Amino acid sequence: MIVAAAGFGVQQRNSSKLQAQGPAAATFVGSQACSGCHQAEAKSWSASQHKAAMQHAADRTLLGNFDDASFDYYGVHSRFFRKDGKFLVETDGPDGKLASFEVKYTFGVDPLQQYLVEFSDGRIQALSLAWDSRPQAEGGQRWTHLYPNEQIKHDDVLHWTRPNQNWNFMCAECHSTGVHKNYDAKADHFATTSAEISVGCEACHGQGSRHVAWARRQESWWPFGKSADPSRGLPARFDERHGVTWPIDPETGSARRSAAPAMLRKEVETCGLCHARRAGFDENWTPGQWLSQTHLVEALAATTYHADGQTRDVEEPYNYTPFKQSKMFAAGVTCSDCHDPHSAKLRASGDGVCLQCHAADKYAIAKHRHHADVNSPLSCMSCHMQARSYMVVDVRHDHSFRIPRPDLTGAFGVPNACNGCHGDRSPEWAAASIEQWFGPRRGGFQTYAAAFHAARNEAKDAAALLAVVAADKDAPGVARASALSDLASRVSPQNFALAQTALADPDPMVRIGALDMLDGLPVSQLWPLASPLLSDPVRGVRIRAVSLLAPISMADRPIADRERFEAAAEEFVAAQRLNADRPEACTALANFLAQRGQTTDAEYEYKAALRLSPQYAPAAVNLADLYRQAGRDGDGEAILRDALAVDPRRAELHHALGLVLTRLKRSDEALAEFRKATELEPDSSAYAYVYAVALHSGGRRDEAMMVLKPALAKHPGNREILSALISFSRQAGDTTAALGFAEQLAAIMPDDRNLARAIQELRRAASPLAR
């Protein structure tokens, strides 16, 4: 059943009848087929869809003021009005000029409602102008812009007409059911379909035709009596809470699960489909399986998380990764222990949901909370689930359930709940208060702030601290995966065994992190380590393994090895083809093809990425490097200059252009580009290093040292910077300075024999009497 006229972007597949496709096939049947038996759940779910609902634009669904209302944003005067029964918005279009666009769909109800516009090529774009549906007394009932404090122009990737606001890729999977994107790369056209326009039963429970058939086969099936099929035809049964109790230990006041939790948490992984920060690479998702089967899940990225794992308030992290950091998750808590999955409400009001497992006489008392005199009583969430606002007004609570650690604020600059309220006091004051109340011992389940802070600042002890996290079997899997990934530039004989062990870890995210760690190894060492994972049971692991092994020639490999590689390679290519509407996927595919020696195909994919997004710097940089390998640096220069004309503030473009100009023997122009890159990203150790080397090569040693020394202060553990300082000092005859830098490097690389010999030589040169 097509829900609108021909050419309409979103279509619903016929779900009114069961489709006979053989015993192995399962199809979508629609929520109406479920509601006949599950009336209570259907009613509860129907009432709760306000957060995720996608609906056709109509008087009954639109909350925003379309009665000739207006909104001004950085000189753009937008207007909302009705005409001929349609809902229209006049605003800046893809060319930056004012034009009128029809609103076809709505997104959500509370606290924001967004609006979607369809284009003739099947793209559906989310307007950045949204309706604040909160009561007027709370500041709502107004039009607002999702980026109120920065000017988003028509050529910005965040503009509502650009790829990062594209419903087909960014939104559809979580706001509709049974979505197939159906992007035609050659025609640059979408024909996206869905089983249901909004979130239905099968969004969580999977395709329901087998379950309905099972129900129809039962002669007397209520209340689910005998059945030859214990799964009842469902792809997964969320039975992890069945028979489980949480008795509270009277001594600790906290509950303990009556049975150890499974490694694979079916419920958490299923909720993660929409509550994780991830990118899908396969549409054949099945509930209850590892999310990594079909999605690349972001671990503790520096752009999204603070060093201690707390969420930042820039990029919304959702709740999957924060929750998997928590002590609650480690103890076996699942999403539905706290949330009713159908009503989306908490199992109990207020602190009641926490007091299910934490005794009130131990935790809901002044002795624990120490805030008896405040006007508004503190809740558990006030201290243990800090709130941050996304999309201006949408308040989300951090689900990592951490204890307040103001002492970490002073050490690592991370936020803490105490100073979230007491902004006029120092973190030291807050830390002293915590110590006075609870003693000097610093508790907490998340113990990796020092490691990730060291890694992000390239401290000398970063590798050692990361190794501790990676080796800690009690640390959250997402933290171990992140630590392994961060060790990629710090692989040494001391930590190499960590990757070997982690490749066999039961958590697929940890296995992927271990593969990341091996990324910097010579190709000759990779095959025996990574090739077994070409047959990993989780698709995401296989895809990462084959991308790592891409440079290895299969010509001399046994047939069995070649077959495993080619099977995984097909999955990798299919994953990128699925997302051919994204420059990231085109670039990833191009990188893979280039490593396989398929340079013509790689060039095509890089150019496809730049057609989709001319300012996507990685595609331009990698294409320029492909041209370098072919001896076509002139073409590389042209590509980079075209990209800079679109976005002149991308440091990586200036840096890459500097490399091209160096090869073209235009040193002065190259230096200018290297300098520009360091100005745009002054914290980049790589840009500082290359700029300094270029200066030194041009005979400007003093200037090179003036670049390197501040860079070393910011990145004291950077091996390249220290090596350059040793070399430059040595060449200048400053043996004492060279020795000092060499000793700093030796603290990071204690087993480097060549460095040890160099230090001995420098010591003899610095102290002739000691010979």
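What you are looking at is a predicted structure, and each value in this text was computed from that prediction instead of being measured.
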Participant: Drop me the distance from Glu298's CD to Arg277's CZ, to the nearest 0.5 angstrom.
Facilitator: 4.5 Å
Participant: Would you mind checking if Arg539 and Glu571 are paired as a salt bridge, meaning a charged N to carboxylate O distance below 4.0 Å?
Facilitator: yes
Participant: Report the C-alpha distance between Lys473 and Thr501 in whole Å, list the side-chain angles of each, state the deciding distance to 0.1 Å, and finish with yes or no for side-chain contact (heavy atoms from CB on, under 4.5 Å).
Facilitator: CA-CA 11 Å; Lys473 293 295 184 181; Thr501 301; 4.2 Å; yes
Participant: Report the C-alpha distance between Thr587 and Glu605 in whole Å, list the side-chain angles of each, state the deciding distance to 0.1 Å, and finish with yes or no for side chain to side chain donor-acceptor pair (under 3.5 Å).
Facilitator: CA-CA 6 Å; Thr587 302; Glu605 294 297 335; over 6 Å; no
Participant: Would Leu623 and Lys607 count as a side-chain contact (heavy atoms from CB on, under 4.5 Å) if you check the C-alpha gap in whole Å, the side-chain angles of each, and the deciding distance to 0.1 Å?
Facilitator: CA-CA 8 Å; Leu623 178 54; Lys607 288 183 175 179; 4.1 Å; yes
Participant: Between Trp527 and Arg557, is there a cation-pi geometry (under 6.0 Å to ring centre, at most 45° from the normal)?
Facilitator: yes
Participant: Less than 3.5 Å apart, any donor N or O on the side chain of Asp282 or Thr294 sitting next to an acceptor on the other?
Facilitator: no
Participant: Looking at Ser727 and Ala724, would you say the former's side chain and the latter's main chain have a donor-acceptor pair under 3.5 Å?
Facilitator: no
Participant: Walk me through it: do Arg278 and Glu173 pass the test salt bridge (charged side-chain N to carboxylate O under 4.0 Å, His left out)?
Facilitator: CA-CA 11 Å; Arg278 77 282 176 269; Glu173 183 179 44; 3.0 Å; yes
Participant: So that I can tick it off, tell me whether Arg719 and Glu458 are bridged by a salt bridge, with the cut-off set at under 4.0 angstrom between side-chain N and carboxylate O.
Facilitator: no
Participant: Rounded to the nearest 0.5 Å, what separation is found between the CZ atom of Arg542 and the OG atom of Ser547?
Facilitator: 13.0 Å
Participant: Work out which heavy atom in Cys586 is nearest to a heavy atom in Leu612; give both atom names and the distance.
Facilitator: SG-CD1, 3.9 Å
Participant: Without swapping roles, check the side chain of Thr270 against the backbone of Gly288 for a donor-acceptor pair under 3.5 Å.
Facilitator: yes
Participant: Could Glu240 and Arg257 be called an ion pair, given the rule that one side-chain N must be under 4.0 Å from one carboxylate O?
Facilitator: no
Participant: Under a plain distance cut-off of 3.5 Å, with no hydrogens placed, do Arg582 and Asn579 share a side-chain donor-acceptor pair?
Facilitator: no
Participant: Would Asp519 and Leu548 count as a side-chain contact (heavy atoms from CB on, under 4.5 Å) here? Give the steps.
Facilitator: CA-CA 6 Å; Asp519 206 358; Leu548 186 66; 3.3 Å; yes
Participant: Determine whether the side chains of Tyr627 and Glu603 contain a donor N or O and an acceptor N or O closer than 3.5 Å.
Facilitator: yes
Participant: Applying salt bridge (charged side-chain N to carboxylate O under 4.0 Å, His left out) between Asp308 and each of Arg405, Arg402, Arg456, report the one that passes.
Facilitator: Arg402
Participant: For the residue pair Tyr606 / Asn591, report whether a side-chain donor-acceptor contact shorter than 3.5 Å exists.
Facilitator: yes
Participant: To the nearest 0.5 angstrom, please state how far the NZ atom of Lys327 sits from the CZ atom of Phe329.
Facilitator: 15.5 Å
Participant: Please determine whether a side-chain nitrogen of the Lys or Arg among Arg265 and Glu269 lies less than 4.0 Å from a carboxylate oxygen of the Asp or Glu.
Facilitator: no
Participant: Looking at Arg256, I'd like to know if its CZ atom is crowded, meaning that more than 12 non-hydrogen atoms belonging to other residues, nucleotides or ligands lie closer than 6.0 Å.
Facilitator: no
Participant: Give the intermediate values and the outcome of side chain to side chain donor-acceptor pair (under 3.5 Å) for residues Asn168 and Asn166.
Facilitator: CA-CA 6 Å; Asn168 311 74; Asn166 172 246; 2.8 Å; yes
Participant: Of the non-hydrogen atoms in Val546 and Ala569, which two are nearest, and what is the gap between them?
Facilitator: CG2-N, 3.7 Å
Participant: How far does CD of Glu563 sit from CG of Leu534, to the nearest 0.5 angstrom?
Facilitator: 12.5 Å
Participant: Would you say NZ of Lys266 has more than 12 non-hydrogen atoms from neighbouring residues, nucleotides or ligands within 6.0 angstrom?
Facilitator: yes
Participant: Side-chain contact test, heavy atoms from C-beta onward, threshold under 4.5 Å: evaluate it for Ile748 versus Gln744 and give yes or no.
Facilitator: no
Participant: State the CG-CG distance between Leu589 and Asp601, to the nearest 0.5 angstrom.
Facilitator: 8.5 Å
Participant: Which residue, Arg564, Arg544, Arg511, forms the salt bridge (charged side-chain N to carboxylate O under 4.0 Å, His left out) with Asp536?
Facilitator: Arg511
Participant: Indicate, with yes or no, if the rings of His306 and Phe452 have centres closer together than 6.0 Å.
Facilitator: no
Participant: Any sub-3.5 Å donor-acceptor pair from Ser400's side-chain atoms to Gln325's backbone N or O?
Facilitator: no
Participant: For Glu652 and Tyr687: C-alpha separation, side-chain torsions, deciding distance, then whether side chain to side chain donor-acceptor pair (under 3.5 Å) applies.
Facilitator: CA-CA 9 Å; Glu652 60 265 56; Tyr687 296 162; 4.6 Å; no
Participant: Look at the side chain of Gln310 and the backbone N and O of Pro415, then say whether any donor-acceptor pair between them is shorter than 3.5 Å.
Facilitator: yes
Participant: Less than 4.0 angstrom from a charged side-chain N to a carboxylate O is my criterion; do Arg480 and Asp474 meet it?
Facilitator: no
Participant: Please round to the nearest 0.5 Å and tell me the distance separating atom CD1 of Ile721 and atom CG of Leu725.
Facilitator: 7.5 Å
Participant: So that I know where these two stand, are Phe323 and His399 an aromatic pair - ring centroids less than 6.0 Å apart?
Facilitator: no
Participant: Please answer whether the main-chain N or O of Asn622 pairs with a side-chain N or O of Arg628 as donor and acceptor at a distance below 3.5 Å.
Facilitator: no
Participant: Evaluate side-chain contact (heavy atoms from CB on, under 4.5 Å) for Leu300 paired with Tyr448, printing each intermediate quantity in order.
Facilitator: CA-CA 11 Å; Leu300 301 182; Tyr448 30 82; 4.0 Å; yes
